[in-house]
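Just below is one structure, and these are the notes that go with it.
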Number of protein chains: 2
Amino acid sequence: MVVFNALSDPELDQLFRALADTTRRDIVARVLGGEGASVSTLASRYDMSFAAVQKHVAVLEGAGLVTKHRRGRERIVRGNPERIARARELLVRLESLWRARFQQLDNVLADPEPGD
Amino acid sequence: MVVFNALSDPELDQLFRALADTTRRDIVARVLGGEGASVSTLASRYDMSFAAVQKHVAVLEGAGLVTKHRRGRERIVRGNPERIARARELLVRLESLWRARFQQLDNVLADPEPGD
DNA sequence: ATTAAATACAACCATGTGGTTGTATATTAG
DNA sequence: CTAATATACAACCACATGGTTGTATTTAAT
């Protein structure tokens with residue numbers, strides 16, 4: 001029995017993989033929180049080469065988490081919150097599986113478990 | 001009492017990386033949805049070796065998404081929904097960054113953007 | 001027209017990842 | 001006891017990832 005169609009979606013692999021890096025999560029937070037930023041502006045804030053940051057942005061772009069827009073010789077990176085919402089939706093569904101399971105056992109998490 | 005402490009960056013890296021694989025997300029869904037499953041029971045459902053599934057479970061365990069409990073010669077894998085909740089929390093926060101940003105600029109999305 | 005800035009892209013390297021097979025250990029069954 | 005089962009773990013392989021440097025291209029500034 002297939003529990004979730006969405007679990008086999010390779011886009012989800014890409015999405016979670018893109019989020020599995022501190023630098024990339026930080027980039028996402030920056031471009032969502034601000035007015036967007038050029039790649040070089042982003043690169044100046046991290047202790048790595050421009051090309052490395054460029055690659056991180058490319059990974060985020062491939063996962064659909066950010067978009068790039070030309071502005072003169074710069075590329076402005078902006079967040080795409082819809083993808084974040086999609087990842088959140090999946091986790092909410094996973095959580096609701098748990099809630100359905102443990103609704104009757106609300107002391108499970110509070111119980112200190114004797115080690116085996 | 002469950003403490004709602006934030007996960008460190010390396011822990012978050014591990015968490016998202018663990019979720020960035022279809023087989024592992026499926027394992028999480030199975031052990032959250034049911035009463036837990038032995039590693040060999042899980043392995044029988046995937047088209048890969050026992051050792052491969054064993055490794056996937058180890059990755060999930062390292063990320064704190066599942067726990068293993070001995071039962072005779074079996075190891076029962078159970079979900080740890082707390083970690084899923086923490087990942088969701090992060091995504092909710094990322095989303096709320098976006099909402100705060102575009103609340104005052106609700107015409108931004110309406111702007112026709114020349115594609116590059 | 002030159003030069004500088006921002007980016008793109010390729011080559012390369014070290015390490016990690018996802019899979020395999022093989023072997024060893026622990027536990028249950030007979 | 002022996003045999004079968006479930007797991008653990010190591011070695012190995014192909015490929016991806018995250019970083020580097022170097023070079024080319026596009027755009028802006030002078």
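Regarding contacts with the backbone of dA6(C), every side-chain N or O of Ser38(A) stays at 4.0 angstrom or more from both OP1 and OP2. In this structure, Ser40(A) reaches the dT7(C) phosphate: one of its side-chain N or O atoms is under 4.0 Å from OP1 or OP2. OP1 or OP2 of dA8(D) sits under 4.0 Å from a side-chain N or O of Arg75(B). For dG19(C), the OP1/OP2 oxygens have no side-chain nitrogen or oxygen of Ser49(B) closer than 4.0 Å. Contact annotation: Thr23(B) side-chain N/O to dG18(C) OP1/OP2 distance is not under 4.0 Å. For dG18(D), one of the phosphate oxygens OP1 or OP2 lies less than 4.0 angstrom from a side-chain nitrogen or oxygen of Arg24(A).
Note: CZ (Arg17(B)) to P (dA16(D)) measures 15 Å, nearest angstrom. One atom, CG of Asp9(B), and another, P of dG18(D), lie 15 Å apart when rounded to the nearest Å. Rounded to a whole Å, the NZ atom of Lys68(B) is 15 Å from the P atom of dA26(C). Note: CG (Asp21(B)) to C1' (dG19(C)) measures 11 Å, nearest angstrom. We find that CG of Asp13(A) is positioned 14 Å from P of dA16(D), with the value rounded to whole Å. Rounded to a whole Å, the CD atom of Glu74(B) is 9 Å from the C1' atom of dT5(D). Between Ile76(A) atom CD1 and dA5(C) atom P there is a gap of 17 Å when expressed in whole angstrom units. Taking atom NE2 on His56(B) and atom P on dA8(D), their separation rounds to 15 Å, with Å as the unit.
In terms of heavy-atom proximity, Val57(B) sits nearest to Val66(B) at O-CG2, 4.0 Å.
Listed nucleotides dG19(D), dT7(D), dT20(C) differ in distance to Ala52(A); the shortest reach to its side chain belongs to dG19(D).
Looking at heavy atoms from C-beta onward, Val39(A) lies in side-chain contact with Val77(A) at the 4.5 angstrom threshold.
Taking Asp9(B) as the reference, nothing meets the side chain to side chain donor-acceptor pair (under 3.5 Å) condition, with sequence neighbours excluded. Every side-chain contact (heavy atoms from CB on, under 4.5 Å) that Ser38(A) has, sequence neighbours left out, goes to Ser40(A), Thr41(A), Glu74(A), Ile76(A). In this structure Ser44(B) satisfies the side-chain contact (heavy atoms from CB on, under 4.5 Å) test with no other residue, sequence neighbours excluded. For Arg83(A), the side-chain contact (heavy atoms from CB on, under 4.5 Å) test picks out Glu11(A), Leu15(A), Leu65(A), Asn80(A), with sequence neighbours left out. Contacts of Arg17(B) classified as side chain to side chain donor-acceptor pair (under 3.5 Å), with partners at least two apart in sequence or in another chain: none. Residues that satisfy the side-chain contact (heavy atoms from CB on, under 4.5 Å) test with Ala52(B), not counting sequence neighbours, are Met48(B), Ser49(B). Take Gln14(B) and apply the side chain to side chain donor-acceptor pair (under 3.5 Å) test, not counting sequence neighbours, and it matches no residue.
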Hey, what are the protein-to-nucleotides 9-12 of chain D N/O distances that come in under 3.5 Å?
none

Collect all protein-nucleotide pairs involving nucleotides 27-29 of chain C in which both atoms are nitrogen or oxygen and the distance is under 3.5 Å.
from	atom 1	to	atom 2	distance (Å)
dT27(C)	OP1	Arg70(B)	NH1	2.9
dT27(C)	OP1	Arg70(B)	NH2	2.5
dT27(C)	O5'	Arg70(B)	NH2	3.4

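Contact check on Asp21(A) versus Arg25(A) returns no salt bridge, with no Lys/Arg side-chain nitrogen under 4.0 Å from an Asp/Glu carboxylate oxygen.
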